[in-house]
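Below is a structure I'd like to ask you about.
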2 protein chains.
Amino acid sequence: MRANYRMQRLFVPHDLAQGLEIEADTQQSHYLANVLRLGEGAQLLLFNGRDGEWLAQVATVAKKRVTLAPVTQTRIQPEHPDLVYCFAPLKQGRLDYLVQKAVEMGAGLLQPVITQHTQMSTVGIDRLRANVIEAAEQCGILAIPRVAEVVKLDRVLWEWEPGRQLIFCDESAETNNPAPILKTIPSRRLGLLIGPEGGFSEDERRQLRALPFVTPIPLGPRILRADTAAVAALAVIQATIGDW
Amino acid sequence: MRANYRMQRLFVPHDLAQGLEIEADTQQSHYLANVLRLGEGAQLLLFNGRDGEWLAQVATVAKKRVTLAPVTQTRIQPEHPDLVYCFAPLKQGRLDYLVQKAVEMGAGLLQPVITQHTQMSTVGIDRLRANVIEAAEQCGILAIPRVAEVVKLDRVLWEWEPGRQLIFCDESAETNNPAPILKTIPSRRLGLLIGPEGGFSEDERRQLRALPFVTPIPLGPRILRADTAAVAALAVIQATIGDW
């Protein structure tokens, strides 16, 4: 949407401070030196999820190794978003999309959850993490959501953090509008649970509705796909009781 | 999200009523007869955007021609959504996605708009229409959004319907939350304008802000891609002043 971020933004695991010199990893070095063809002195932005955003210069360019020197901090590190985003893994293309969108919409923790109708039983956590970093690089996000290991829905619910509310999108709700329901939620520490393409089972729905920390919400009169529901729910939550 | 729609749903241009016999077109006939391998008497759902949803039976199966007989109406035709959804065409993959999402989120008219930073100067209107029908088939939507011809932003604004409000997502807004601003909009006849990946130009922004029927809204503290912004804006609009 915004055209402000033409400058290359790169995630690095290293500390960022003036006077340091950072070695880009092999893949990044190749990209900077051979694809972007940046020379010594070229500028780019660095972030590590801890030290805000830094304007940096290419310090040295060797064949397979580029070093980078942070020059000055351009943005301070924002508070880490608190929202726990629980989702049933979808097929790979839609999953990549789901993860990207969650990062843009301000999730703090991505928690893959296996439900009864989940088609995927394994999830490439490394690919999820890579997607998170890519979305953060592209969208100028400095607080990088954490990615948790895949767990079953039962365990997520048993081990749910006391005081945190869990919102789930319930297609069998009797009203259409989530906003009035969201406003009654007693806490601002929130989780959102997005079901698989096949929806939740009747058992899961009953189990969820019976829990005191769970709030079912509707999402309008039309059927939404899981990935649409995810963005729509995040938008309404953020605008009603979240960080917008 | 919902698992209720396992039965095949098909769009047909024909009238739907009891006692009629409808010829599926060549592509649909091939799909029904050779891919799904439906035999005579098999059930499916039909809709045409006018007569609601009908349970139908396969009446005859010939090599390249399947006929279908509507049996009983299963849902009545809902009111056509009023929301005008103006969008700068994106690259094809993201455009397909954008159109799907707009259908799910209740757009009534899809209006492709060329802006200064729009990368695509032509849009395959037939492909847009095919995407709309596919999304409607998959998501159980009966009111099929119309697709207008591509026009330039200037002309959209000059010819804007009196009394209809136009909302656009303005990344330079000074607040983060769209909900309070949306609530001040004096009409429920709405349009939404989503810019291209490169955003609106400074001129366009100025032009839009100066128009009495235009309301700029923010979409949170983070940068959103155009396709994310589209779903997020639609969700907040529908939940605040729309049809949810």
Side-chain angles (χ1 to χ4, degrees), chain A residues 1-6 78 81 93 97 100-101 103-106 117 135 138-143 169-172 175-180 182 194-201 217-240 242-244, chain B residues 1-6 78 81 93 97 100-101 103-106 117 135 138-143 169-172 175-180 182 194-201 217-240 242-244:
Chain A
M1 202 62 200
R2 302 187 197 182
N4 322 7
Y5 286 92
R6 301 284 181 203
Y97 199 90
Q100 272 177 28
K101 298 307 170 212
V103 174
E104 292 175 53
M105 298 296 294
H117 294 167
Q138 291 188 13
C139 295
I141 284 161
L142 301 180
C169 307
D170 186 1
E171 46 258 47
S172 63
T175 58
N176 283 332
N177 195 336
L182 289 170
I194 296 288
E197 291 288 5
F200 295 106
S201 72
I217 61 163
L219 282 176
R222 287 163 295 270
I223 297 167
L224 302 180
R225 290 185 219 208
D227 54 344
T228 316
V231 177
L234 283 167
V236 180
I237 289 169
Q238 295 292 33
T240 315
D243 77 355
W244 283 11
Chain B
M1 204 62 201
R2 301 187 198 185
N4 320 8
Y5 287 92
R6 300 284 181 203
Y97 199 91
Q100 271 178 28
K101 298 307 170 212
V103 176
E104 292 175 53
M105 297 298 293
H117 293 168
Q138 289 187 15
C139 295
I141 283 160
L142 301 181
C169 306
D170 186 0
E171 45 258 48
S172 63
T175 57
N176 283 331
N177 195 336
L182 289 170
I194 296 289
E197 291 288 4
F200 295 106
S201 73
I217 60 164
L219 283 175
R222 286 163 295 270
I223 296 167
L224 302 180
R225 292 186 216 206
D227 54 344
T228 317
V231 178
L234 284 167
V236 180
I237 290 170
Q238 295 290 33
T240 315
D243 78 354
W244 283 11

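Naming convention: chains lettered A, B, ... in sequence-line order (proteins, then strands); numbering from 1 in each chain. A quick note: this is a predicted structure, and the numbers were derived from the prediction, not measured.
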Self-check item: Largest heavy-atom contact set with chain A, pairs under 4.5 Å, which of B:Asn176, B:Thr175, B:Thr240, B:Thr228
Solution: B:Thr228
Exercise. For each of B:Ala179, B:Ala233, B:Gly106, B:Ala135, tally heavy-atom pairs with chain A at distances under 4.5 Å, and name the one with the top tally.
Key: B:Gly106
Practice problem: Heavy atoms only, distances under 4.5 angstrom: which of A:Val236, A:Asn177, A:Asp227 has the most pairs with chain B? Name it, please. | Solution: A:Asn177
Quiz item: What is the minimum heavy-atom distance between A:Pro178 and B:Trp244, and which atoms define it?
Solution: CD-CE3, 3.5 Å
Exercise. Only counting residues at least two apart or in another chain, list the ones meeting side chain to side chain contact (heavy atoms under 4.5 Å, CB included) with A:Asp243.
Key: A:Gln238, B:Pro221, B:Arg222
Quiz item: Can you tell me how far the CG atom of A:Leu224 sits from the CD atom of B:Glu104, to the nearest 0.5 Å?
Solution: 5.5 Å
Practice problem: For residues A:Gln100 and B:Arg225, determine if any side-chain heavy atom of one lies less than 4.5 Å from a side-chain heavy atom of the other. | Solution: yes
